[in-house]
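Notes follow the structure.
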Amino acid sequence: MIDLRLLREDPELIRASQRLRGEPTELVDDLLRADEERRAATQRFEALRAEQRSLSKLVPKASPDERASLLARTKELAAEVKAAEAATGTADDALRQAHLAVPNVVQDGVPAGGEDDFIVLREVGDRPAIDNPKDHLEIGEALKAIDTERGAKVSGSRFYFLTGVGALLQLGMLQMAIAQAVEYGLVPSITPSLVKPESMEGTGFLGAHASEVYRLEADDLYLVGTSEVALAAYHSNEILNLTGGAARYAGWSSCYRREAGSYGKDVRGILRVHQFDKVEMFSFCRPEEAADEHLRLLAMQEEMLAKVEIPYRVIDVAAGDLGSSAARKFDCEAWVPSQGRYREVTSTSNCTTFQARRLNIRYRDADGKPQTVATLNGTLATTRWLIPILENHQQPDGSVRVPKALQPYVGGRDILEPVR
RNA sequence: GGAGGGUUCGCCUAGUGGCCGAUGGCGCCGGUCUUGAAAACCGGUAUGGGGAGACUCAUCGUGGGUUCGAAUCCCACACCCUCCGCCA
């Protein structure tokens, strides 16, 4: 939810952000109107309520004949108060709806446009020269590391088993991510995969992406698509102490996505699956520190990519391709030799105060006054990384070289050999 | 799944219809005293909304109801705890 004070002071700023996203500016005017109507309704109610309370206090002191007329008046007032309260409730609901409809204000410098209008900030690493590169599934099957056939047999399409060195590789990579996170002072966390509706809603995943989310009808719980959900809601309705700096976490969880509407897209291998594992970073910090914090998260992602020795590029995602909570988003895309192009392997978003306002997460400023925190998130490692790791490090004989930094996390193996 | 107990301001607690936004203790902050600290004493100590402001409104788990008036009475729900059963 955007800051209503900012909206009142500078509605044009919000309209400009909407234009950058390619979203209607009318939503901004709807919100302004709803805000005004709610304030008017509230004032009406409060005036009536104040009168009711002061008259009510006179009742016990009144003489018997005064009392009769007083009671007549207060009885009338009670009905008016009730009506005014109902009107306030209606206005509140309308405001909330209008409020939820407006996405976060885009940060200065974000490119305008949609999915293809990103800006490439840099390309890092040398792409390996591989003749007729095999794709990750072919390599993974030869290593007996990835089994999508049995995944489909047991659970359906877009499910898979990681076995043998495949399982070891994923566990090792995620452990390396946690180790790096700990090194930088993040609190390692294993988070719930099932969350209540308010947690899902608070993080903004029930808006445009509601159809992406698995819901357990019988228990009214949702399967998270990322531990961002649980980590964001972890401090909901709290006032954090940020005097020692940002509160930072690294959450490890399985993630679940319905991938509705992506039929026929990336069906081969483990690029786009219903369940995967991920280590996700999450920061709560002062709003004025958020842009720097964002760069810090990006740097940690790049450090991880360097450790697994895969070429990648960093893109500044265009406004129209941002999630509703994000003010800015950087993606790292790894080089995938079999496809001859870059594919997203990390994403980091600065949600400024947008997400925290909905989740009611605050800190105390220098004057001791509660203020809304900024939240940021970013991928540190995920199942998908196995793709560029296997493909970029494949050898002509079908084996796969293990990057040096990863070797200690896979039992010291430096090479993964095909299983015959 | 069954039975019982509970949910009040950071923590503990008082409060059974108006004097209650709410008692007391602990904690915390400030002050006095002290070479310093502790102790003692004094004062302060929820959040959100509206208003230029004096101020005002909301919030005692949540939602409804009764009443001129609800932390307090009634109904429903949620959550927590204990015990029994079941499962792992």
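Side chains are part of it too, since the values below use all heavy atoms of this structure and drop only hydrogens, waters and symmetry mates. Chain naming here is simple, since letters A, B, ... match the order of the sequence lines and numbering starts at 1 in each.
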Applying a 4.0 Å non-hydrogen cut-off, can you work out what [X] is touching in the nucleic acid: base, sugar-phosphate, or nothing?
| X | result |
| --- | --- |
| A:Gln52 | sugar-phosphate |
| A:Arg73 | nothing |
| A:Arg364 | sugar-phosphate |
| A:Arg44 | nothing |

Which one is paired to [N], where only Watson-Crick or G-U wobble pairs with both distances under 3.5 angstrom count?
| N | answer |
| --- | --- |
| B:A76 | B:U62 |
| B:G27 | B:U45 |
| B:U67 | none |
| B:G4 | B:C81 |
| B:U35 | none |

Quick check against the 3.5 Å criterion: does [X] have a side-chain atom that pairs as donor or acceptor with the backbone of [Y]?
| X | Y | answer |
| --- | --- | --- |
| A:Ser347 | A:Asp331 | no |
| A:Tyr160 | A:Arg150 | no |
| A:His99 | A:Met1 | no |
| A:Arg384 | A:Arg343 | no |
| A:Glu259 | A:Arg272 | no |

Inset, instruction - Please determine which of A:Arg53, A:Glu46, A:Arg49 meets the side-chain contact (heavy atoms from CB on, under 4.5 Å) test together with A:Val81. - result: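 Exactly one candidate clears the test, A:Arg49.
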
Inset, instruction - Could you tell me the separation between the CG atom of A:Leu48 and the P atom of B:G69, rounded to a whole number of Å? - result: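 A:Leu48 atom CG is separated from B:G69 atom P by 13 Å.
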
Inset, instruction - Output yes when at least one side-chain N/O atom of A:Arg53 is less than 4.0 Å from OP1 or OP2 of B:G18, else no. - result: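 For A:Arg53, the contact criterion (side-chain N or O under 4.0 Å from OP1 or OP2 of B:G18) is not met.
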
Inset, instruction - Taking only the side-chain nitrogens and oxygens of A:Lys75, find out if one of them lies under 4.0 Å from OP1 or OP2 of B:C68. - result: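 For B:C68, OP1 or OP2 has a side-chain N or O of A:Lys75 closer than 4.0 Å.
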
Select one nucleotide: of [options], the one nearest the side-chain heavy atoms of [X].
| X | options | answer |
| --- | --- | --- |
| A:Glu46 | B:C57, B:G69, B:G18 | B:C57 |
| A:Leu71 | B:G50, B:C19, B:C68 | B:C68 |
| A:Ala50 | B:C68, B:U56, B:G21 | B:U56 |
| A:Arg362 | B:G50, B:U66, B:U47 | B:U47 |
| A:Pro370 | B:U47, B:C57, B:G50 | B:U47 |
| A:Arg49 | B:C19, B:G50, B:A58 | B:A58 |
| A:Phe45 | B:G49, B:G51, B:A58 | B:A58 |
| A:Arg38 | B:G50, B:G18, B:C57 | B:G50 |
| A:Lys82 | B:G50, B:C19, B:G65 | B:G65 |
| A:Ala78 | B:C57, B:C19, B:G69 | B:G69 |

Inset, instruction - Over all heavy atoms of both residues, which pair between A:Thr74 and A:Ser56 is shortest? Give the atoms and the distance, please. - result: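 That would be CG2-N, 4.5 Å.
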
Legend entry - Heavy-atom side-chain proximity of A:Val106 to A:Leu322 below 4.5 angstrom: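 With C-beta onward as the side chain, the pair touches.
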
Legend entry - Beyond-backbone contact of A:Leu223 with A:Leu194, side-chain heavy atoms, under 4.5 angstrom: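 Sidechains of A:Leu194 and A:Leu223: in contact.
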
Please list, for nucleotides 86-88 of chain B, all pairs of protein and nucleotide N/O atoms separated by less than 3.5 Å.
none

Legend entry - Test item: side-chain donor near acceptor, A:His235 and A:Tyr249, under 3.5 Å: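 There is such a pair (donor and acceptor under 3.5 Å, judged by atom type) between the side chains of A:His235 and A:Tyr249.
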
Legend entry - Sole candidate of A:Thr25, A:Asp10, A:Asp29 that passes side chain to side chain donor-acceptor pair (under 3.5 Å) when paired with A:Arg15: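 Between A:Arg15 and the candidates, side chain to side chain donor-acceptor pair (under 3.5 Å) is satisfied uniquely by A:Asp29.
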
N/O to N/O distances under 3.5 Å, protein versus nucleotides 75-79 of chain B:
none

